[in-house]
Asker: 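Encoded as structure tokens, here's the structure I'll be asking about.
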Amino acid sequence: MSWSLKFGSIFGIPIELHITFLLLLLIFSIFGVIPLLAIVLLFVSVLLHELAHSLVGRHYGAKIKKITLLPIGGVSQMEAIPKGHEFAIAIIGPLTSISIGIVLFLVGSLMGLNMTFDLNWIQIDSLKDIIRIVMSLNFLLGLFNIIPAFPMDGGRVLRAFLSSKMDYLKATAISVRIGQGLAIIFVFIGIFYNPWLIIIAFFIYMGGMEEYQSIQMSFALKGIKVKDVMVKDIVTVSPNDSLEDFEKLLIEKRYKGYPVVSDGKVLAIMTLNELLSVPRDRWAYTKVENVMVKDIVIASPEMEIFELYKKLAEMKQGRAPVIENERLIGFISNTDILRFSEILMIKRI
Ligand SMILES: [Zn+2]
């Protein structure tokens with residue numbers, strides 16, 4: 001999902017455009033200015049839908065990281081959806097789209113236009129047709145998203161409803177299963193009617209699974225702190241070590257990553273990947289400090305382990321030094337956290 005370009009921000013929320021949107025622009029420019037304008041308005045419609053989610057989310061205290069716009073809808077990335085407010089945050093998107101559809105219907109009708117539902121982009125040739133197409137798109141966006149296929153909006157509404165009756169994890173599991181069932185139905189409909197549905201089904205299937213696993217992990221790791229999982233017996237490297245020294249250490253200790261320490265201070269992390277980024281014939285005279293990763297995640301012993309796991313994923317890092325009172329007291333890797341959560345999950349089966 002990293003095929004996105006940032007192009008601006010609204011209300012302080014960065015807006016990214018998925019590359020497929022640009023591709024769509026290119027394709028539709030072949031058909032002329034009017035279909036192209038319709039695509040731009042589709043983009044505005046999706047943006048308004050996502051902004052509604054984000055602004056309501058922010059109202060309830062969620063931190064909005066960014067909005068990514070895809071032709072099949074958008075994604076508002078929020079940090080920790082506030083529990084108890086998921087219903088409002090989810091439902092506002094479809095409500096916004098349907099409201100835009102209704103407004104356009106009224107405007108078009110007042111202008112005496114034919115406002116029947118129509119998604120036939122290619123054949124539109126006047127500005128008047130655009131009102132009809134954009135109205136139809138907004139209705140489609142609103143109604144389609146309300147289908148209870150988690151992680152689509154309707155699925156989130158379903159989970160919000162279920163979690164008022166049962167445990168959040170169980171509510172998620174049921175919503176994901178219903179979503180995956182619907183995704184399979186979408187594939188069949190897609191084969192016969194509209195191939196777009198197959199792509200959407202794929203996103204629903206994978207997205208649901210990913211979110212379920214993440215929530216399952218957050219439950220398993222609840223209350224577990226960094227200090228409970230970290231490795232205390234730390235092997236460090238010096239920034240002045242040569243890559244040849246580092247190779248010897250790797251073979252001897254067999255960990256993939258190490259904190260780089262100088263005068264008792266952690267400067268960076270050095271891993272097998274950085275070593276392999278340098279041709280072997282330069283290892284003897286290249287120092288660790290020339291290739292080490294300086295932009296690292298720092299953990300504290302009292303930090304919740306799941307918070308650290310999310311932070312590492314976000315920063316695309318595999319490990320973090322644990323620091324207390326400016327002293328290195330432990331080291332922790334993604335693999336340690338995953339292994340630990342797998343073991344804890346056994347207890348829940
Ligand atoms: Zn939505």
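From a predicted model like this one, the values you see are computed outputs, not experimental measurements. Atoms within each ligand, like the ligands themselves, are counted from 1 in listed order. Numbering of residues begins at 1 and proceeds along the displayed sequence.
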Asker: Taking the six-membered ring of F219, is the NZ or CZ of K222 close enough (under 6.0 Å from the centre) and on axis enough (within 45°)?
Answerer: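 Output yes; distance and angle both within limits.
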Asker: Do the side chains of D129 and R132 get close enough for a salt bridge, i.e. N-O under 4.0 angstrom?
Answerer: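 A salt bridge links D129 with R132.
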Asker: Before accepting this row, confirm whether a basic side-chain N of the pair E307/K310 lies closer than 4.0 Å to the acidic partner's carboxylate O.
Answerer: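 Yes, this pair counts.
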Asker: Tell me the angle that OD1 of D153 and NE2 of H53 form around the Zn ion (ligand 1), rounded to 10°.
Answerer: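 Vertex the Zn ion (ligand 1), arms to OD1 of D153 and NE2 of H53: 90°.
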Asker: Check whether any N, O or S atom of E50 sits under 2.8 Å from the Zn ion (ligand 1).
Answerer: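 So E50 does not bind the Zn ion (ligand 1) by this criterion.
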Asker: Taking the N/O/S atoms of H49 one by one, which is nearest to the Zn ion (ligand 1)?
Answerer: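 Result: NE2.
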Asker: Less than 4.0 angstrom from a charged side-chain N to a carboxylate O is my criterion; do R159 and E86 meet it?
Answerer: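 Looking at E86 together with R159, the answer is yes, because their closest N to O distance falls below 4.0 Å.
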